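Notes follow once the structure below has been shown.
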Amino acid sequence: RTRDPSNGLHSRRKVPILTENLTEVPHLCSDFPPPPFYSDVYKRHILSSLTDRMVAFDDLPPLLDQERKDRVFRFITLVFLAHTRKIHLQQEGERIWVKRNEAYEQGSRISSPVEGTA
């Protein structure tokens with residue numbers, strides 16, 4: 001958008017240089033595919049790092065050397081694990097705490113019912 005000098009608002013006229021440059025972006029981005037996110041690997045890693053005690057998110061061990069990307073992947077995984085009730089998430093101020101969901105663990109160990117019981 002460009003600024004319309006008559007009323008000070010932005011008009012919807014195209015800015016030629018910007019429009020031309022933006023048409024090149026998809027081509028440039030296709031040369032660099034996003035890094036893969038292996039959610040199952042992160043799930044196993046996080047679950048193996050947790051106990052029934054609260055652990056700070058920052059204390060979970062990383063899988064990647066790229067700290068920021070690893071934090072994003074760990075956080076996404078925590079959200080999915082919390083959604084499936086495999087873990088508990090709790091936030092206190094800026095800090096996020098994580099622990100295994102004991103009820104989920106106990107429920108997953110229950111075997112099929114014995115015949116003749118209700």
Side-chain angles (χ1 to χ4, degrees):
R1 294 181 180 183
T2 58
R3 187 174 272 280
D4 182 351
S6 64
N7 62 12
L9 300 176
H10 293 282
S11 70
R12 295 198 179 271
R13 285 186 300 163
K14 291 182 179 179
V15 180
I17 295 170
L18 182 59
T19 304
E20 290 169 11
N21 289 336
L22 287 177
T23 58
E24 295 175 15
V25 171
H27 171 69
L28 293 175
C29 293
S30 66
D31 293 339
F32 301 102
F37 171 51
Y38 301 106
S39 64
D40 288 340
V41 173
Y42 270 88
K43 285 177 189 176
R44 285 192 302 274
H45 174 69
I46 288 171
L47 288 172
S48 70
S49 302
L50 295 177
T51 65
D52 59 343
R53 295 181 148 203
M54 289 292 218
V55 176
F57 170 73
D58 293 330
D59 294 339
L60 292 172
L63 280 176
L64 300 177
D65 292 334
Q66 299 166 328
E67 182 181 342
R68 185 177 178 144
K69 190 179 297 181
D70 185 76
R71 286 179 61 84
V72 169
F73 289 168
R74 280 185 288 145
F75 183 77
I76 291 169
T77 304
L78 289 177
V79 171
F80 281 110
L81 289 170
H83 179 73
T84 59
R85 300 182 182 197
K86 292 180 181 177
I87 64 166
H88 287 290
L89 286 179
Q90 180 178 333
Q91 184 173 1
E92 291 178 2
E94 295 291 317
R95 188 159 244 191
I96 297 173
W97 296 93
V98 186
K99 77 172 191 170
R100 278 184 176 267
N101 182 353
E102 297 170 24
Y104 180 85
E105 291 294 317
Q106 291 171 356
S108 66
R109 291 187 197 124
I110 297 174
S111 60
S112 59
V114 178
E115 266 187 56
T117 61

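Worth knowing before you read on, the calculation uses all heavy atoms, side chains too, and leaves out hydrogens, waters and symmetry mates. Worth saying up front: this structure is predicted, and the values here are computed from it rather than measured.
Enclosure of atom CD in Gln91 by more than 12 non-hydrogen atoms of other residues, nucleotides or ligands within 6.0 angstrom is indicated.
Rounded to the nearest 0.5 angstrom, Thr51 OG1 and Lys99 NZ are separated by 9.0 Å. Rounded to the nearest 0.5 Å, atoms CZ (Arg95) and CE (Met54) are 12.0 Å apart. Considering CG of Asp59 and CD1 of Ile96, their distance stands at 12.5 Å, rounded to 0.5 Å.
Annotation for Ser49 and Leu60: closest pair CB-CD2, 4.2 Å, computed over non-hydrogen atoms. Of all heavy-atom pairs spanning Ile87 and Ala82, the tightest one is CG1-N, 3.5 Å.
Residues Val55 and Phe75 are members of one and the same hydrophobic cluster, defined by side-chain heavy-atom contacts under 4.5 angstrom among Ile, Leu, Val, Met, Phe, Trp and Tyr. Side-chain heavy atoms closer than 4.5 Å link hydrophobic residues (I, L, V, M, F, W, Y) into clusters, and following such links, possibly through other members, connects Leu47 to Val79. The same ILVMFWY cluster, assembled from side-chain heavy atoms under 4.5 Å apart, contains both Leu64 and Phe80. A continuous path of hydrophobic side-chain contacts links Leu50 to Leu89 [ILVMFWY only; heavy atoms under 4.5 Å].
For the side-chain hydrogen bond (donor to acceptor under 3.5 Å, both in side chains) criterion with Asp70, the lone passing option out of Arg74, Arg68, Gln66 is Arg74.
Residues meeting the side chain to side chain donor-acceptor pair (under 3.5 Å) test with Arg71, sequence neighbours left out: Asp58. In terms of the side chain to side chain contact (heavy atoms under 4.5 Å, CB included) criterion, residue partners of Val41 (sequence neighbours excluded) are, by chain and number, Tyr38, Arg44, Leu63.
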Kindly determine whether Lys86 and Asn101 satisfy side chain to side chain contact (heavy atoms under 4.5 Å, CB included), including the steps that lead there.
CA-CA 5 Å; Lys86 292 180 181 177; Asn101 182 353; 5.7 Å; no

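Counting only residues at least two apart or in different chains, ring-ring contact (aromatic ring centres under 6.0 Å, His included) contacts with residues 40-70 comprise Phe37-Tyr42, Tyr42-Phe73.
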